[in-house]
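Residue numbering restarts at 1 for every chain, and letters A, B, ... go by the order of the sequence lines.
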Amino acid sequence: MKDKIKIFASEKNWIEGEALRQLEKTAELAGMVSAVAMPDIHPGRGNPIGAAFITQGIIYPYLVGNDVGCGVGFFKTEIKRSKIKRDKWVKKLAGLESPWEGDSSQWLLQSGIESGTMDHSIGTIGGGNHFAELQLFEKIYDQNLFDKLTLDKNILMMLIHSGSRGIGDSVLRRHTEKYGAGGLDIDSEEAALYLKQHDYALKWAAANRHLIAYRMSEQLGCECEKISDVCHNSISRIESDKQSLWLHRKGAAASDCGAIVIPGSRGTLSYLVMPVGDQQKNAWSLAHGAGRKWNRSSTKERLKERFTTESLIRTDLGSYVICEDKELLFEEAPQAYKNIDVVIDDMVQAGLISVIASLKPLITYKVRQT
DNA sequence: ATGTCC
């Protein structure tokens, strides 16, 4: 069993024991070929978050979780850093938690997907660790790749972390009602149906991130352009020696789609990186963030005596947090997350990525009214 | 994580 497990984390990267116990337990599932921990691995509901699992002959919807298609999109604005109106924008940005007034089914159609029963929630951020963030480039590490991505150090960027909202949840629920955390034989009708719904959730989630970026840029008075959009909760087929294997990603960013942004927390830098070399050893996957250090309830316990709401809506980097849900404001505090620099460095040292640029937050939008 | 659980 141990030979199936790989962990991409150095000595200086603290990892919660429970996350590793969950990793070992998951590696024992029937059909498991390999279990790969990313440097941001942390405990989830029975199975770890921040890991990739390769199976043969069977798929496990429960490993992916309910936010099928969740990921991170990176979009360019047209606003120069010399034109920042932060306080005005903090007042103006609104409604990204509420239904879009535009034609949702048309947006989906333009994104190449059919409209359905969840059209009304397209373009909404959702809860938990999801956000829409306005960012500035902090430092360029690879000018050549930076230029190739048509980026400009003086142009503000938007980073969107969101998923498939109620869609993935209904897809997983339909599965767990009958099978719980059990897997599906890959040749079964159930597996085919799950994968079909899964594929829809992935496209829907990407269209969702794009619309969130569009809504944000509209409020800022500019156009937006997608630079990168990468999913971190999914199942995909990989071909290996004439056989099909199934790659499950749970909080593990796909590293076979070009450059990606790995967010820190709302109070730290995020990193634009390029996967390098043979990605097979890390199951074509990377960390999807800094990873939680403290769970939600303990975070609130630890911080409630020491911090006020007013202090938490500002960060050490001078950015502003729009989060009118007090519980969420505490739960997602930067202190709850591990050090993103350690996570990034672990992947650089392992030869998995090279850093293109770092970004710093200007405004993090979570939720306006609760 | 969730048109979420009480």
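- We find that CD of A:Glu331 is positioned 13 Å from P of B:dT2, with the value rounded to whole Å.
- Heavy atoms of A:His120 sit under 4.0 angstrom from at least one base atom.
- Side-chain rings of A:His210 and A:Trp107 approach one another, their centers coming within less than 6.0 Å.
- Put simply, the side chain of A:His288 gets close to the backbone of A:Gly251: a donor and an acceptor are under 3.5 Å apart.
- The side chain of A:Arg173 places no N or O atom within less than 4.0 Å of a non-bridging phosphate oxygen (OP1 or OP2) of B:dT2.
- The base of B:dA1 sits within donor-acceptor range of the side chain of A:Asn66, with an N or O pair under 3.5 Å.
- Checked against a 6.0 Å centroid threshold, the rings of A:Tyr141 and A:Phe146 do not count as neighbours.
- Using a 4.0 Å cut-off, some side-chain N or O of A:Arg296 falls inside it from OP1 or OP2 of B:dA1.
- For the ring-ring contact (aromatic ring centres under 6.0 Å, His included) test, no residue two or more places apart in sequence or in another chain qualifies with A:Tyr271.
- Atom CG in A:Asp169 sits roughly 9 Å away from atom P in B:dC5 (whole-Å rounding).
- Counting non-hydrogen atoms under 4.0 angstrom, A:Gly166 reaches the backbone sugars and phosphates but no base.
- The closest side-chain donor-acceptor pair between A:Glu114 and A:Tyr200, if any, does not fall under 3.5 angstrom.
- One atom, CZ of A:Arg45, and another, C1' of B:dC5, lie 10 Å apart when rounded to the nearest Å.
- Here the P atom of nucleotide B:dG3 and the CD atom of A:Glu97 are 14 Å apart, to the nearest Å.
- Scanning residues 192-212 of chain A for heavy-atom distances under 4.0 Å to DNA chain B yields an empty list.
- Side-chain N/O atoms of A:Ser10 and A:Asp346 include a donor and acceptor closer than 3.5 Å.
- Note: CZ (A:Phe131) to P (B:dA1) measures 11 Å, nearest angstrom.
- Across all strands shown, A:Gly126 has heavy atoms under 4.0 Å from sugar-phosphate atoms exclusively, and none from any base.
- As rounded to whole Å, 9 Å separates atom C1' of B:dT2 from atom CE of A:Met118.
- For A:His161 and A:His232, the ring centers are positioned less than 6.0 Å apart.
- B:dT4 atom C1' lies 16 Å from atom CD1 of A:Ile167, rounded to whole Å.
- Atoms CG (A:Asp325) and C1' (B:dA1) sit 15 Å apart, rounded to a whole Å.
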